[in-house]
**Q** 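Shown below is the structure under consideration.
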Amino acid sequence: MEKIVSLCKRRGFIFPACEIYGGFSAAYSYGPYGAQLKKNIKDAWWKKFVEERADIVGLDGPILLHPKLWEASGHTTGFNDAMVDCKECKKRFRADHLVKDLTGKDLEGDLPAMTAALQGQKCPECGKSNWTDAKMVSMMFKTEMNGFDGPVYLRPETAGAIFVEFKNVVDSCRVKIPFGIAQIGKAFRNEIVARNFIFRTREFEQMEIEYFFDPEMPWEDLFAKWLDWQEEFFTEIGIDKKKLVRFEHSKEKLSHYSKKTVDFEYLYPFGQSELCGLAHRGEFDLGAHSKLSGQDLSWTDSATGRKFTPNVLEPSFGLDRALLAVLDSAYTEEDIPLSGGVDGASPDGVGDVKETRIVLKFSPKIAPVKIAIFPLLKNKPVLVEKAKSIFDELKKDFACEFDDNGNVGKRYRRQDEIGTPYCVTVDFDTIEKDDTVTVRDRDTMQQERIKAAELKKYFEDKLK
Ligand code: ATP
């Protein structure tokens, strides 16, 4: 994990936010490559689940929503986690996580049992044993709004906006049950402890779908299909399938309205934890909003006239956790011959001296930069000019970067570390011989010579 965190900072993927003021409560900023990577993951998700499907439409609702929404969904009173403080060193912990770490027991939700389980257990921070009782605290971020009486909340999940716009979508679009509404956006949770880099933060992004279906329809097959689609998406963005685990919640742990919930867990460097979930939420949400708003949120079957409240399956993806899993799956270290060669002209190295190459083996689909273009030498205008003209041409169709800093070996190492699938080098043969350039493949480090005029077609085939 330390290696990933340090690479992210060094190469402009993710920075601790507000470092000039000493950092701020485990918040992170996505730097230039991180922001692009995140966008590419979002775009891949939107394409797969909205654009390529006839049965799912998109939505972009507000972060500040009517507080009644959170009353109906149960968040205002029930969205709580248990906390406990060490009375000696004042360190605060999430009680269920601490109990699990120290005793191996899962006592989530049972305050007296967690308090009892911690008696005699040593604080991981100071080694003493003097705990407060475990108590519930709300994870809702409260704020105020001009012109509105009473507290307003930053949304703790994106799903809420989908349910309150269900009727508008049904009335304005030609959707037919079963169908889904998808949304990507920020969510906010006042987590007791934010930790493990971008895995658990207080501000994060979700990509959620509410998939509405007839309660009389057998749902087990649909549920299984959704699990497969979720897994398919993860493998498409380069998450290592071998590190994905399906975890079904036991009947006792299910919310009262849920018939089944399965999480995908991922083997993160710090341990196995939730990546995303799929829940059968029955008619709970539409039912609760119907009741509190007094609006009819049912569906009428046009063929039979039968009226019902649709049931819903909720595939809920955490974008930041997906990005962390992508980084972890892509991170590779390889021992290779020392780079540089003669005049940097044999850039992936020769001889027996080894160096460790760090490479992010991103799927080309989500790599922030697809092609890097270099002149072999920075001080030869004829090479620079040609490389720039290739860059200007290719950047119309692909995310490209121009680099003439240091020798070619160093440039390759840098592009490896940001996961660029291809590097193009303009050398003297390009100018003096045959107008070909070298194209170097990130993963094999093999180079081939391609006609400059054919590069666009070459990359269209490689990067599609
Ligand atoms: P956890 O048990 O880890 O707190 P959760 O079960 O409460 O997660 P959900 O309410 O199911 O999470 O939210 C859906 C998804 O949103 C999660 O699978 C996860 O990917 C993401 N997510 C939830 N909380 C956070 C957070 N604090 N930071 C980053 N991502 C989060």
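Counting convention: from 1, in listed order, for ligands and their atoms alike. Because the structure is predicted, anything quoted here is derived from the model rather than measured. Throughout, residue positions are numbered sequentially from 1 according to the sequence presented.
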**Q** Name all residues meeting the side chain to side chain donor-acceptor pair (under 3.5 Å) criterion together with K361; count only those two or more places apart in sequence or in a different chain, and write none if there are none.
**A**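 In terms of side chain to side chain donor-acceptor pair (under 3.5 Å), with neighbours along the sequence ignored, K361 is linked to E334.
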**Q** Compile the donor-acceptor pairs under 3.5 Å between side chains in residues 53-63 and protein atoms, sequence neighbours left out, one pair per line.
**A**
unit_1	atom_1	unit_2	atom_2	d
R53	NE	D55	OD1	2.9
R53	NH2	D55	OD1	3.4
R53	NH2	D55	OD2	2.8
D55	OD2	Y211	OH	2.6

**Q** List the protein residues in contact with ligand 1, where contact means a heavy-atom separation under 4.0 angstrom.
**A**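 For ligand 1, the residues that come within the 4.0 Å heavy-atom cutoff are R94, R189, E191, F199, R200, T201, F204, Q206, E274, L275, C276, S316, G318, R321.
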**Q** Roughly how far, to the nearest 0.5 Å, is OH of Y266 from CG of L275?
**A**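 L275 CG to Y266 OH: 9.0 Å, rounded to 0.5 Å.
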**Q** Please list, chain by chain and in numerical order, all residues satisfying side chain to side chain donor-acceptor pair (under 3.5 Å) with K260, sequence neighbours excluded.
**A**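 Checked K260 against side chain to side chain donor-acceptor pair (under 3.5 Å); zero matches.
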**Q** If only side-chain N and O atoms count, and only distance matters, is there a donor-acceptor pair under 3.5 Å linking D320 with Y28?
**A**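 On atom types as modelled, these side chains do not qualify, holding no pair under 3.5 Å.
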**Q** Think R440 forms a cation-pi with Y412, using NZ or CZ under 6.0 Å from the six-ring centre and within 45 degrees of its axis?
**A**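 Yes; both conditions hold, so R440 lies above the ring face of Y412.
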